[in-house]
Colleague: 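One structure follows; several queries about it will come next.
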Amino acid sequence: QSMDALSTMRLSTRVFFIINKFLSKAADVIVFNSNYACIQFNNYGYRGKSQKIIPNGINFDNYIRSDVVRNNIRCNLDISKETILIGHVARFDPMKDHLTFLRSAIHLLKNSPNIKFLLIGKGVDFNNSFFKNNIPLKIRKNFTLAGNQEKIQDYYQAMDMLCLTSISEAFPNVLLEGVAFGLPCITTNVGDVESLIRDSDRIINSGDYNSLSREMKRLSLLSDTERNKIGAKDKSKAISRFNINRVCNDYKEVIDYERK
């Protein structure tokens, strides 16, 4: 959880942070999931006897791409094998900044009308007036709004790239999952994203839809092989740091140390 927009959070969340700030002084150790969160919470007044940064981890064995799954999902969504499909996974929330993604997509479609976009997340559908108002009727055929999906891993495999447009994050799990599937990812500069993305050109400022659109276009013009190489480089870096076995060992070391 990032504290970038604390003033906009629900009252109960803000009260929770305040209470835990005082309780933190009694903690033997506080574990943060990112350097970014550690700095923020320290500045806010969290003080444990010791602190440790342990990132979120995943089992990379569960993130193996399958052509069968990819083709089935694309078939269900009526998207051809040849179509470039750009993904965005986030619940509908101001902090996720869907508007920047939509502006980037609309800008890209002016010169690349065959590209399509897949948006997934709670509240992300055309029953939501936000999307009706911000996606012109004449290009809605280029947008699939799939809402909340239980088997989200299948949908990642249908994508050719993944975008994250959040205004605030500590450690974005969506980005980690995209990298785990070997997808080339474009992200806003939030939290610890630099630990996941190797190429600084794919890290943009929040709200910069022009840069996002430019990177979308650049990646869309690459061959499948070239995009896969980009994704593979990010994945190889992530496996060594975010493997669930390493994360579990890190927690075990903290627990064992505190028991001494």
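Reckoned from all heavy atoms, side chains included, excluding hydrogens, waters and symmetry mates.
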Colleague: Do Phe117 and Ile115 have side-chain heavy atoms sitting under 4.5 Å apart?
Modeller: yes
Colleague: Return yes if some donor-acceptor pair links the side-chain N/O of Gln157 with the main-chain N/O of Val69 below 3.5 Å, else return no.
Modeller: no
Colleague: Please assess Phe181 against Gln153 for the test side-chain contact (heavy atoms from CB on, under 4.5 Å), listing each intermediate value before the final yes or no.
Modeller: CA-CA 9 Å; Phe181 270 119; Gln153 293 181 354; 3.8 Å; yes
Colleague: Taking the side chain as C-beta and beyond, is there a heavy-atom pair between Ile120 and Met159 under 4.5 Å?
Modeller: yes
Colleague: Work out which heavy atom in Leu219 is nearest to a heavy atom in Pro184; give both atom names and the distance.
Modeller: CD1-CB, 4.2 Å
Colleague: Without swapping roles, check the side chain of Asn142 against the backbone of Pro113 for a donor-acceptor pair under 3.5 Å.
Modeller: yes
Colleague: Are Asn33 and Pro55 packed together at the side-chain level, in the sense that at least one heavy-atom pair is separated by less than 4.5 angstrom?
Modeller: no
Colleague: How about Glu226: does its CD atom have over 12 heavy atoms from other parts shown lying under 6.0 Å from it?
Modeller: yes
Colleague: Does Arg218 pair with Asp199 as a salt bridge, N-O distance under 4.0 Å?
Modeller: yes
Colleague: Is the number of heavy atoms from other residues, nucleotides or ligands within 6.0 Å of CZ (Phe16) greater than 12?
Modeller: no
Colleague: Flag the pair Glu82 and Arg74 as a salt bridge only when some basic side-chain nitrogen lies within less than 4.0 angstrom of an acidic carboxylate oxygen.
Modeller: no
Colleague: Given Phe131, which of Phe126, Phe101, Phe92 fulfils the ring-ring contact (aromatic ring centres under 6.0 Å, His included) condition?
Modeller: Phe92
Colleague: Under a 4.5 Å cut-off applied to non-hydrogen side-chain atoms, are Leu196 and Cys185 in contact?
Modeller: no
Colleague: Looking at every heavy atom in both Ser206 and Ser166, which two are closest together, and how far apart are they?
Modeller: OG-O, 3.5 Å
Colleague: Is the count of non-hydrogen atoms from other residues, nucleotides or ligands lying under 6.0 Å from Asp78 atom CG greater than 12?
Modeller: no
Colleague: Using the six-membered ring wherever Trp is involved, compare the ring planes of Phe32 and Phe41 and label them parallel, tilted or perpendicular (cut-offs 30° and 60°).
Modeller: tilted
Colleague: For the hydrophobic clusters of this structure (ILVMFWY residues joined by side-chain heavy atoms under 4.5 Å, transitively), does one cluster hold both Ile79 and Met216?
Modeller: no
Colleague: Test salt bridge (charged side-chain N to carboxylate O under 4.0 Å, His left out) on Arg202 and Asp234; report intermediate values, then the result.
Modeller: CA-CA 12 Å; Arg202 289 183 284 123; Asp234 286 340; 3.0 Å; yes
Colleague: Between Asn228 (side chain) and Asp224 (backbone), is there a donor-acceptor pair under 3.5 Å?
Modeller: yes
Colleague: Can a side-chain donor-acceptor contact be found between Thr165 and His88 if the only test is distance below 3.5 angstrom?
Modeller: yes
Colleague: Would you say Val179 and Leu183 make side-chain contact, with heavy atoms under 4.5 Å?
Modeller: no
Colleague: Please answer whether the main-chain N or O of Ile204 pairs with a side-chain N or O of Thr187 as donor and acceptor at a distance below 3.5 Å.
Modeller: no
Colleague: A cation-pi test, strictly: NZ or CZ of Lys21 under 6.0 Å from the centre of the six-membered ring of Tyr44 and no more than 45 degrees from its axis. Yes or no?
Modeller: yes
Colleague: Are Tyr63 and Ile230 co-members of a hydrophobic cluster defined by side-chain heavy atoms under 4.5 Å apart?
Modeller: no
Colleague: Side chains of Gln51 and Asn42: any donor to acceptor distance under 3.5 Å?
Modeller: yes
Colleague: With side chains defined as the heavy atoms from C-beta onward, is the minimum distance between Ile39 and Asn43 less than 4.5 Å?
Modeller: yes
Colleague: Return the minimal non-hydrogen interatomic distance between Ser24 and Gly45, and the atom names on each side.
Modeller: OG-O, 4.2 Å
Colleague: Specify the closest pair of heavy atoms between Lys235 and Gly182, including all atoms of both residues, with the distance to one decimal.
Modeller: CD-N, 4.2 Å
Colleague: Check for a donor-acceptor pair, side chain of Asn189 on one end and backbone N or O of Ile203 on the other, with a separation under 3.5 Å.
Modeller: no
Colleague: Which pair of non-hydrogen atoms, one from Glu194 and one from Lys237, has the smallest distance, and what is that distance?
Modeller: O-NZ, 3.1 Å
Colleague: Please check if any side-chain donor atom of Asp97 sits under 3.5 Å from a side-chain acceptor atom of Thr100, or the reverse.
Modeller: yes
Colleague: Tell me, do Ile54 and Arg246 make a side-chain contact under 4.5 Å, heavy atoms counted?
Modeller: no
Colleague: Counting distance only, does the side-chain N/O of Ser220 pair as donor-acceptor with the main-chain N or O of Lys217 below 3.5 Å?
Modeller: yes
Colleague: Are Tyr46 and Ile18 connected, step by step, through hydrophobic side chains (Ile, Leu, Val, Met, Phe, Trp, Tyr) whose heavy atoms are closer than 4.5 Å?
Modeller: yes
Colleague: Any chain of hydrophobic side-chain contacts (each under 4.5 Å) joining Ile167 to Leu102?
Modeller: no
Colleague: Taking everything shown except Lys229 itself, do over 12 heavy atoms lie less than 6.0 Å from its NZ?
Modeller: no
Colleague: Mark yes when over 12 heavy atoms from residues, nucleotides or ligands other than Arg103 sit less than 6.0 Å from its CZ; otherwise mark no.
Modeller: no
Colleague: Is Ser211 reaching over with its side chain to a backbone N or O of Asp208, donor-acceptor style, under 3.5 angstrom?
Modeller: no
Colleague: Grab the two heavy atoms, one from Leu164 and one from Pro172, that are nearest each other, plus how far apart they are.
Modeller: CD1-CB, 3.6 Å
Colleague: Can you tell me if Asp160 uses its side chain to pair, donor with acceptor, with the backbone of Ile86 under 3.5 Å?
Modeller: no
Colleague: Please find out if less than 6.0 Å separates the ring center of Phe242 from that of Phe171.
Modeller: yes
Colleague: Just distance, no hydrogens or angles: give the donor-acceptor pairs under 3.5 Å from side chains in residues 144-152, sequence neighbours left out.
Modeller:
from   : atom 1 : to     : atom 2 : distance (Å)
Gln149 : OE1    : Tyr155 : OH     : 3.1
Gln149 : NE2    : Ala146 : O      : 2.7

Colleague: For a side-chain contact (heavy atoms from CB on, under 4.5 Å) check, start with the C-alpha distance between Glu177 and Tyr156, then their side-chain angles and the critical distance, and finish with the verdict.
Modeller: CA-CA 8 Å; Glu177 291 177 332; Tyr156 281 117; 2.7 Å; yes
Colleague: Going by side-chain contact (heavy atoms from CB on, under 4.5 Å), Val193 matches just one of Leu176, Leu175, Thr188. Which one?
Modeller: Leu175
Colleague: Report yes or no: do Ile186 and Leu222 belong to one cluster of Ile/Leu/Val/Met/Phe/Trp/Tyr joined by side chain heavy-atom distances under 4.5 Å?
Modeller: yes
Colleague: Atom CG of residue position Asn59 - does it have more than 12 heavy atoms of other residues, nucleotides or ligands inside 6.0 Å?
Modeller: yes
Colleague: Can you check whether Arg227 reaches Ile84 side chain to side chain, under 4.5 Å on heavy atoms?
Modeller: yes
